[in-house]
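Below: the structure, in structure tokens.
By convention in this document, chain letters (A, B, ...) are assigned in the order of the sequence lines, proteins followed by strands, and residues within each chain are numbered from 1. Quick caveat: nothing in here was measured; it's all calculated off a predicted structure.
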Amino acid sequence: MKKFIPLIIALALFFVSMLYNNVFVQDKANQVLVLKEELQIKENDYTVKKSSLIAENEIIIEQATGVTEQRKEKDDVVAEAFITDVVSWSSFAEYLNKKDKVSAEYVLDADFLALFFPDVLVAVAEDGTVYNYIDTYELSLSLYSFRSYVTNVNADATRYTYFAICTVASFNNGGEAYKQFPIMYTVDANGMMSDIKGIL
Amino acid sequence: MAKWQNKQNKSAADLLAQETLDKMKARNDARKENFGEFMSKWSFRRVLGVLLVFLPLAFLAGAIFIFNNTNESLRANDAAIASLESQIAAKQSEIDALAIPQADAEYIRTSLNSARVAGVAVADLQNKYCGLKNAFHLNNTAANGNLLTENAVAIGVYFNDDEHESRSVAQGSWYFSERVEYTWTFETTYEFKAGSCECLWTCYSKDGVLLAYATSVYDVTSGLFGDFAFFQTLAGTSYTETSDPPLATPTPEPEPTAPTTESTVVEESSAPKTTTKVTDPTPPLPSDLEPTTGD
């Protein structure tokens with residue numbers, strides 16, 4: 001019988017360790033699951049409350065200022081798309097396309113077109129090859145940043161007037177430079193831009 | 001004869017086969033005998049004795065392995081529990097912050113009005129600079145210099161001394177030209193976000209040409225403008241570059257104790273500190289190109 005004592009002790013230790021594993025580890029694992037669920041509930045609660053607060057705030061700000069954040073964001077999208085069409089091109093062909101597009105889609109005065117789409121130097125070689133300044137020097141422009149300020153809202157809050165500050169990045173033959181300029185415009189409730197003025 | 005020969009051959013083959021078979025049989029028997037001998041040495045007691053040594057060791061090793069595994073799992077779970085509890089506490093704080101009453105319409109209107117009043121005051125002080133600087137140029141006296149300094153100090157009161165050096169930048173003249181009449185205007189602010197208002201001033205000539213503009217953020221709590229910057233347009237720059245003859249020679253100051261004002265912060269700050277913003281390198285914009293032929 002004495003020979004069996006070590007085996008009995010070893011067996012007892014083995015079963016105790018299995019019991020310990022099952023009871024305690026399982027318990028902690030359950031705690032982790034419960035906490036994960038609780039965290040998920042809190043995150044959902046936060047999201048719902050935040051959305052509702054943002055909506056309330058917008059109403060309050062609209063009551064106080066006559067301006068809605070949503071409307072400004074919509075107008076910013078429209079204006080940024082316009083400015084991108086004006087100052088983003090990377091070849092002479094694209095430059096001409098953008099000029100035609102912008103002239104057709106927006107009401108722009110001659111000053112604006114002359115400022116942002118001036119005539120480009122074009123030369124014809126003896127062999128008939130046509131060279132233009134943009135492609136020869138690999139000029140390109142792209143919109144770098146855009147920030148708008150509401151400067152006026154009409155009486156029925158349908159037309160917002162803006163003063164926007166744009167930064168354009170220009171590249172040529174490996175060189176890079178940035179230029180900031182303002183543009184003024186009005187956007188109506190349908191997202192149509194008018195009274196567009198640009199200054200360098 | 002052939003038949004007899006065949007018969008002889010057959011019996012030789014048979015004998016060989018029989019011999020091989022016998023050898024294999026003998027080898028098998030020997031193996032069985034060895035195994036039997038081997039097995040006969042291992043009695044049940046002996047086997048049991050070996051098992052009683054190895055089994056406890058095996059169970060002990062298993063117990064130690066399970067115990068170590070359990071401890072590791074517990075440690076990992078404890079860490080996960082601590083992390084989750086802190087995330088839950090943080091999320092609850094965020095939820096509680098949402099419950100704090102937000103600004104109402106009246107508060108926002110009051111804040112915007114404060115920004116407007118301060119912005120208009122700053123615009124008026126900037127407009128005052130034009131006359132003061134002209135007077136100083138014509139008559140380089142301490143009195144005129146002091147007026148410039150006072151104007152700078154008056155402007156500085158509205159600005160925060162922040163990381164953008166808003167106060168020292170804003171204190172100077174944002175735009176000056178003797179060749180054009182201009183007016184700074186504070187553009188009414190409509191935007192209110194998280195206790196601050198984005199503000200804008202514009203400087204137009206009498207003919208309606210935009211010469212310069214400035215931006216800032218008005219903090220409602222402190223009542224100060226910060227994050228200030230000002231910029232000139234090309235038109236504005238063209239009016240500041242001049243090849244006109246120098247102004248009239250200033251009269252010498254008779255009061256020896258009066259401090260000279262040429263090196264005051266007013267004059268230094270009147271030169272825009274944000275030169276790179278005002279006269280950044282001319283990019284290869286199409287407007288700079290010589291137009292010859294068209295499309």
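We find the OH-OG1 distance between A/Y149 and B/T215 to be 4.0 Å, quoted to the nearest 0.5 Å. A/Y160 OH to B/Y190 OH: the interatomic distance, rounded to the nearest 0.5 Å, is 9.5 Å. B/N77 contributes atom CG, which lies 8.5 Å from atom CD of A/Q31 (distance to the nearest 0.5 angstrom). The distance from atom OG1 of B/T70 to atom CZ of A/F24, rounded to the nearest 0.5 Å, is 10.0 Å. Rounding to the nearest 0.5 Å places CD of B/E94 at 9.5 Å from OG1 of A/T47. Once rounded to the nearest 0.5 Å, the distance linking CZ of B/F59 with CG of A/L7 reads 6.5 Å.
Only the side chain of A/I165 comes within contact range of chain B, with at least one heavy atom under 4.5 Å from a heavy atom of that chain. Contacts of B/L48 with chain A are made by side-chain atoms alone, with heavy-atom separations under 4.5 Å and no backbone atom involved. Residue B/E191 touches chain A through its side chain alone, counting heavy-atom pairs closer than 4.5 Å. Contact of A/N152 with chain B is made through backbone and side chain together, with heavy-atom distances under 4.5 Å. Looking at B/L60, the atoms closer than 4.5 Å to chain A (heavy atoms on both sides) sit in the backbone and in the side chain alike. Of the two parts of A/E176, neither the backbone nor the side chain holds a non-hydrogen atom closer than 4.5 Å to a non-hydrogen atom of chain B. Only the side chain of A/I199 comes within contact range of chain B, with heavy atoms under 4.5 Å apart. With a 4.5 angstrom heavy-atom cutoff, A/V67 touches chain B only via side-chain atoms.
Residue B/Q92 places its CD atom among more than 12 non-hydrogen atoms of other residues, nucleotides or ligands, all under 6.0 Å distant. For CD of B/E181, the number of neighbouring non-hydrogen atoms (other residues, nucleotides, ligands) closer than 6.0 Å is 12 at most.
Comparing A/V153, A/N22, A/I41 by how many heavy-atom pairs each has under 4.5 Å with chain B, the most go to A/V153. Counting heavy-atom pairs closer than 4.5 Å to chain A, the top-ranked of the candidates B/L55, B/T233, B/L57 is B/T233. Among A/F14, A/Y137, A/F15, the residue with the largest count of heavy-atom pairs under 4.5 Å with chain B is A/F14. For the options B/E187, B/K91, B/Q87, B/E85, heavy-atom pairs under 4.5 Å to chain A are most numerous at B/K91.
A/P6 and B/P56 make their closest contact through O-CB, 3.7 Å (heavy atoms, listed as atom of the first residue, atom of the second, distance). Here the shortest heavy-atom pairing between A/S17 and B/A63 reads OG-CA, 3.5 Å.
Residues passing the salt bridge (Lys or Arg N to Asp or Glu O under 4.0 Å) test with A/K49, sequence neighbours excluded: A/D45.
Residue pairs meeting the side-chain hydrogen bond (donor to acceptor under 3.5 Å, both in side chains) criterion with at least one partner in residues 75-87 of chain A, sequence neighbours excluded, are A/R71-A/D75, A/K72-A/D76, A/D75-A/Y162, A/D76-A/S148, A/D85-A/K101. For residues 45-79 of chain A, the set of pairs meeting the ring pair (Phe, Tyr, Trp, His ring centres under 6.0 Å) definition, not counting sequence neighbours, is empty.
Counting only heavy atoms from C-beta outward, the side chains of B/I88 and A/E43 never approach each other to under 4.5 Å. Inter-residue side-chain proximity for B/N69 and A/N21 is flagged as unmet; no heavy-atom pair is nearer than 4.5 Å. In this structure the side chain of B/Y107 never reaches within 4.5 angstrom of the side chain of A/I60, judged on heavy atoms.
Heavy-atom proximity under 4.5 angstrom to chain A picks out B/E198, B/C199, B/L200, B/T202, B/Y204, B/L210, B/Y213 from residues 195-213 of chain B.
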